[in-house]
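Worksheet for the structure shown next.
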Amino acid sequence: MHKDIELKNSTKVYNVDLAIIFLIPIAILLFLFLGINDDRYFYFIIILLSIFIYELSVYDKRNLFGFSGIQFLSIPSIIVTTYTCFIALPSINILFIKDSHILSYIIIVCQFYFIFPLGLFVSSKIHKIKYSKISKILKKEFNFCSYNRYVNFILFNLFFISAAIFMLYLIRVDEIPLFQLYKNIGNSGVLWVLREESLKLLEISSIERYLFMWERSLFIPFGLVLSLFFYNKEKARIYLFFSIFFFVVGIVFNSLTLEKSPIAALFLIITVFFIISRKKINLKYILLSVITIFSIPLLISFFYYHGKDSLFGFLLITMLERIFLIPSEVLYQYVLIFPNSHDFLMGRSTQLISFFHPLGSFDLSNYVAQVWWKEKFTSGYANVLYLGNFWADFGYSGVYVSTFILGYIANWLYSLILLISKYEKNWTYTVSISLFMPILTFNFFSSNITTLFFTRGMILLVMFYYLIMWLENRRTLLTNEK
């Protein structure tokens with residue numbers, strides 16, 4: 001029988017940070033012993049020491065800024081856990097197989113654990129969070145009383161917007177890779193070309209491209225979680241209809257191009273919703289959620305590479321490499337290329353900054369792919385987390401400043417969600433945390449900060465919440481005047 005992890009009716013909280021503080025010195029001693037004849041072990045010790053120092057600095061607020069905060073779905077905790085699992089710890093692979101620019105790479109990776117908490121602490125002085133209330137939110141029942149007057153208006157508008165964007169995409173694209181999948185089983189070359197032409201190389205305006213990305217990352221997930229939230233209460237047919245509509249459109253639209261991360265992100269959003277709503281989370285549920293999240297991406301990969309020897313082992317290894325090894329490898333390539341093969345771009349890789357640059361924007365991720373893969377005319381992209389972009393733009397100064405800004409934004413964003421939700425488990429809290437989870441995991445280690453905010457639609461959600469607060473304050477003011 002699996003041991004249940006109580007999230008709702010129990011006050012038990014696991015002190016993950018204390019366990020890490022205890023284990024890191026043991027790991028350091030082990031690497032010191034192994035590194036007697038190999039200096040590369042000492043580089044990994046530096047990474048472990050950086051994590052150790054971070055843990056000590058945030059220990060008093062570990063449920064907000066530490067690894068323990070994952071139990072309460074804290075946004076700063078999600079970011080630091082994602083970074084540690086997918087960038088910092090896998091960097092040991094880079095340290096053992098690469099020779100040049102290792103010191104620069106280590107500095108870039110380790111500075112996160114010093115500059116990020118600085119941004120958190122500065123932001124926390126301005127955007128205050130009631131620390132004692134964080135651990136109580138998930139233990140509460142769903143609150144269906146907050147901002148209900150907006151729900152039907154939001155759902156109907158999201159329904160029409162999502163349907164219109166979906167139809168626009170079907171009109172604009174010539175061939176849909178998903179529909180060609182069965183005809184080209186095992187022909188990965190043809191399927192790859194179809195995938196590139198279905199969105200990356202699709203001749204559409206910038207506005208249309210943003211709309212298609214917002215459809216994936218914001219409109220469909222928002223409508224799905226909101227309709228599920230209220231169907232949980234009323235069991236009304238209208239909410240069941242919206243739930244089915246957004247789920248079906250989400251499955252189809254997110255898998256049309258045969259990209260694997262969008263469909264995995266959709267299932268992660270649904271999983272987080274049920275984690276928030278359930279009274280107990282057991283090991284069986286966690287394993288089932290992981291299998292569900294990666295099932296369709298694995299199925300797509302199965303059709304891609306059908307016919308290969310030891311196909312299941314190949315797919316499993318490929319998926320694990322893509323999640324745990326490729327993100328740190330891509331970051332290393334950025335460090336290797338800039339400024340060794342190309343001068344720093346001075347902001348040209350970031351659209352907001354490149355607007356003011358005389359030479360205009362620079363297609364950074366495609367350029368890195370060309371150099372790294374030695375394919376001059378590739379249409380592929382070597383997407384990287386924000387550190388790679390700001391290193392290519394400004395070097396160390398870009399890395400330090402952007403990490404501080406990330407820390408500041410992480411606390412501010414979480415404080416905004418808690419402020420508008422009033423520390424209740426209402427629809428604003430549930431939708432926000434569910435939507436931000438894939439953005440701060442799958443998208444975080446392969447996207448710039450500006451991409452997360454604008455391309456993924458985070459800025460629209462923030463603006464929407466400020467609008468709700470303004471409407472509520474205005475309504476209260478008018479009520480008081482009467």
Side-chain angles (χ1 to χ4, degrees), residues 46-47 50-51 53-54 57-58 65 75-80 82-84 86-88 91 101 103-127 327-328 330-340 342-362 364-365 367-368 382-416 439-440 443-456 458-459 462:
I46 295 173
I47 295 176
S50 300
I51 299 173
I53 293 171
Y54 176 86
S57 67
V58 303
F65 299 148
I75 284 180
S77 296
I78 294 170
I79 291 175
V80 73
T82 299
Y83 182 85
T84 301
F86 301 119
I87 300 295
S91 292
H101 295 79
L103 181 59
S104 296
Y105 179 82
I106 286 295
I107 292 173
I108 292 171
V109 170
C110 291
Q111 60 80 36
F112 176 89
Y113 295 102
F114 300 92
I115 309 297
F116 181 73
L118 183 61
L120 290 175
F121 290 134
V122 171
S123 180
S124 65
K125 297 297 182 182
I126 303 171
H127 310 285
S328 56
V330 177
L331 177 59
Y332 174 78
Q333 293 298 325
Y334 277 69
V335 177
L336 188 64
I337 293 171
F338 294 91
N340 187 46
H342 196 290
D343 292 335
F344 290 126
L345 300 173
M346 305 308 294
R348 292 180 61 199
S349 78
T350 305
Q351 288 188 355
L352 289 176
I353 304 175
S354 65
F355 181 79
F356 302 98
H357 198 286
L359 296 178
S361 62
F362 184 89
L364 176 59
S365 57
Y367 172 77
V368 172
N383 295 318
V384 70
L385 85 161
Y386 77 97
L387 291 175
N389 291 88
F390 283 100
W391 167 260
D393 272 330
F394 303 109
Y396 287 115
S397 59
V399 167
Y400 300 149
V401 172
S402 61
T403 301
F404 176 85
I405 292 173
L406 177 65
Y408 189 96
I409 289 175
N411 179 81
W412 161 71
L413 189 60
Y414 192 42
S415 70
L416 176 62
I439 292 175
L440 299 176
N443 300 140
F444 175 76
F445 58 73
S446 61
S447 302
N448 198 358
I449 297 174
T450 54
T451 301
L452 296 177
F453 258 85
F454 294 96
T455 307
R456 304 295 176 185
M458 286 175 63
I459 188 66
V462 170

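Atoms CG and CZ, on Leu440 and Arg456 in that order, are 11.5 Å from each other to the nearest 0.5 Å. To the nearest 0.5 Å, atom CG of residue Leu385 and atom CZ of residue Phe86 are 12.0 Å apart. Between the CH2 atom of Trp412 and the CG atom of Leu120 there is a distance of 14.0 Å, given to the nearest 0.5 Å. Atom CZ in Phe116 sits 10.5 Å away from atom OH in Tyr83 (nearest 0.5 Å). Here Leu406 contributes atom CG and Ile79 contributes atom CD1; the two are 5.0 Å apart, rounded to the nearest 0.5 Å. To the nearest 0.5 Å, atoms CZ (Phe453) and CG (Asn448) are separated by 12.0 Å.
Using a 30° and 60° split on the angle between ring planes, Tyr367 and His342 fall in the perpendicular class, above 60°.
Put simply, the side chain of Phe362 does not reach to within 4.5 Å of the side chain of Asp393, judged on heavy atoms. Within the 4.5 Å cutoff, the side chain of Ile47 has heavy atoms near those of the Cys110 side chain. Inter-residue side-chain proximity for Leu331 and Phe445 is flagged as unmet; no heavy-atom pair is nearer than 4.5 Å. No side-chain heavy atom of Tyr105 sits less than 4.5 Å from a side-chain heavy atom of Leu336. In this structure the side chain of Gln333 never reaches within 4.5 angstrom of the side chain of Val384, judged on heavy atoms.
Residue pairs satisfying the side-chain hydrogen bond (donor to acceptor under 3.5 Å, both in side chains) criterion with at least one member in residues 114-123, sequence neighbours excluded, are listed as follows: Ser123-Asn411.
Neither side chain, Tyr113 nor Ser57, offers a donor N or O lying under 3.5 Å from an acceptor on the other. If you check the side chains of Thr403 and Tyr386, you find a donor sitting under 3.5 Å from an acceptor. Between the side chains of Ser104 and Tyr396, at least one donor N or O sits under 3.5 Å from an acceptor N or O.
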Before you tell me yes or no, could you show the steps for Phe114 and Ile53 under side chain to side chain contact (heavy atoms under 4.5 Å, CB included), namely the whole-Å CA-CA distance, both residues' side-chain angles and the distance that decides it to 0.1 Å? CA-CA 8 Å; Phe114 300 92; Ile53 293 171; 3.8 Å; yes
What do the steps show when you test Leu413 against Val462 for side chain to side chain contact (heavy atoms under 4.5 Å, CB included), and what is the final call? CA-CA 8 Å; Leu413 189 60; Val462 170; 3.7 Å; yes
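Aromatic rings from His127 and Tyr408 are positioned such that their centres are separated by under 6.0 Å. Taking the six-membered ring wherever Trp is involved, the centroid distance between the rings of Phe65 and Phe121 falls below 6.0 Å.
Nearest heavy-atom pair, Val109 versus Ala88, reported as atom, atom and distance to 0.1 Å: CG1-CA, 4.0 Å. A pairwise comparison of heavy atoms in Ser349 and Leu345 identifies CB-CD1, 3.9 Å as the closest pair. Contact detail for Ser328 and Ser91: the closest heavy-atom pair is CB-OG, 4.2 Å.
Each of Trp391, Phe394, Tyr334 was evaluated against Phe344; a single residue qualifies, Trp391, per the ring pair (Phe, Tyr, Trp, His ring centres under 6.0 Å) test.
Judged by distance alone, with hydrogens and angles left aside, the side-chain atoms of Thr451 form no donor-acceptor pair with the main-chain N or O of Ser447 at under 3.5 Å.
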